[in-house]
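See structure below.
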Protein chains: 2
Amino acid sequence: MAEKQRRKPGETREKLMSAALTLVGKGRHFASLGIREVTRQAGVVPTSFYRHFRNMDDLGLQLVDELGLVLRRMMREARANVSQADKLIEESVAIFISHAQANRSFFLFMAQGLAGESRAVQEGIRSEMRFFASELANDLRRLRLVDHLSDQDLDMTCDLVVRSVAFSLTDLLGVSADDDYQIEQIRKRTTRFLQLIFVGAAHWQSAG
Amino acid sequence: MAEKQRRKPGETREKLMSAALTLVGKGRHFASLGIREVTRQAGVVPTSFYRHFRNMDDLGLQLVDELGLVLRRMMREARANVSQADKLIEESVAIFISHAQANRSFFLFMAQGLAGESRAVQEGIRSEMRFFASELANDLRRLRLVDHLSDQDLDMTCDLVVRSVAFSLTDLLGVSADDDYQIEQIRKRTTRFLQLIFVGAAHWQSAG
DNA sequence: CACATTAGTGAACACTTGTACACATGGATA
DNA sequence: TATCCATGTGTACAAGTGTTCACTAATGTG
């Protein structure tokens, strides 16, 4: 019989989660993954799955939690690297794209989950996006870049910004990871989107 | 043995496609549907599937084509119903939402396909969105509402508009079809998004 | 009318799937 | 040290899967 050493606690759990992400990274859709498939990819016997998750939806929910950590790391780096206010958009988009590349499977999972099968996962991702948007609003407030906007209008603007970036994600994940030209195009386009939105925000009161 | 009457040509084909849509409408993800499942829902023997489609991806591609028709109908109605230029955004959003409600499963399929499993379906949907955006640009040009924008900037604006609306789709499809309050909220928010974008477009030259 | 084509059927195939059960083992706890 | 429990393993099974095959009835074409 094969050895059944138990290594660090939670190791198999992580193997299963990253196995699912690996399969997603290979082009599979999370909704089409099965328990056996994931355990096979993780190099673990199918029964082990139930030691950690009740079903695939449960695994998805726990992936959403980890996704939250990835997003928070990204925000922290963005805040640390904002050198000048007028380059804020460009630099933030660049950081976002590099994180999306570095955690491709994670963001793929996020893009899939937005219209996914599990309502709970869907809501989880949406919630992460709302949090992201509200943090962005806080930052902009603190930098005093948007003093003329009401809280509500600022929230709306940040919401739109986050959505636009999230949509660019699906562009980004659609091109191969080493197609530098296309990635650069996406970066430029996303940057212009955000600039357009902020121009709109800057003139919002007069038009609203 | 059961009767095997063949009715109109292409009837089973349609039954299969709408069976897939029905399952999607019930909350399933297209990527997780199987051939047997679809044929069962259509009330047809599994073998019949192969008379019309090579596999599920093929069926998905043909659904994208039909989706194109739905979108074109929507555009036609929007063009016919634009009463006054200053209500253009509000009325267009309202038409969009009513079409999305009337063809819920179709739009659900579209939202899923954007980050779906089949690259071909993904590209098909993207292509429909590009077409939609370019038609929008033509209309705006014709109405002479955006004379100060270059073609390129206009394309970008329309692209952003279409993306924002598409993202609102996922909001809309996330709430139950008879939750009028939430739907109204989504309608208002989407309208404001577009207004913000167009305010940005109106002031774009001076800032770009 | 004869005939090829299309579009339906059911039976069978070799696999894969989710899940249940009994069992083993290492580490923490008492 | 003795015990418990979380975590691992192998086996088993019923149900579901995609696909092939041979057969049949309706339709369009000569």
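All of these numbers come straight from a predicted model, not from anything done at the bench. Labels below follow one simple rule: chain letters A, B, ... track the order of the sequence lines, proteins then strands, and each chain is numbered from 1.
Applying the side-chain hydrogen bond (donor to acceptor under 3.5 Å, both in side chains) test to residues at least two apart or on different chains, the pairs with a partner in residues 19-30 of chain B are A:His29-B:His29, A:Glu117-B:Arg28, B:Arg28-B:Ser32, B:Arg28-B:Glu37. Note on residues 60-74 of chain A: pairs passing salt bridge (Lys or Arg N to Asp or Glu O under 4.0 Å), not counting sequence neighbours, are A:Arg72-A:Glu128.
Under 4.0 angstrom from either OP1 or OP2 of C:dG8 there lies at least one side-chain N or O belonging to B:His52.
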* Assign a letter to each nucleotide of nucleotides 13-19 of chain D from its 5' end: B, base within under 4.0 Å of a protein heavy atom; S, sugar-phosphate only; -, no contact. => ----BBB
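Regarding B:Arg51, its CZ atom lies at a distance of 13 Å from the P atom of C:dG10, rounded to whole Å. At whole-Å resolution of the value, CZ in A:Phe49 and P in C:dG18 are 9 Å apart. Straight-line distance from the CG atom of A:Leu16 to the C1' atom of D:dT7: 12 Å, rounded to whole Å. Rounded to an integer number of Å, the gap from B:Glu11 CD to D:dT27 P is 12 Å.
With sequence neighbours excluded, no residue forms a side-chain contact (heavy atoms from CB on, under 4.5 Å) with A:Glu14. For B:Gln195, the side-chain contact (heavy atoms from CB on, under 4.5 Å) criterion is met by A:Trp204, B:Ile89, B:Thr191, B:Arg192, not counting sequence neighbours. Under the rule for a salt bridge (Lys or Arg N to Asp or Glu O under 4.0 Å), B:Asp57 has no partner lying at least two apart in sequence or in another chain.
Around CD of B:Gln152, the count of heavy atoms belonging to other residues, nucleotides or ligands within 6.0 Å does not exceed 12.
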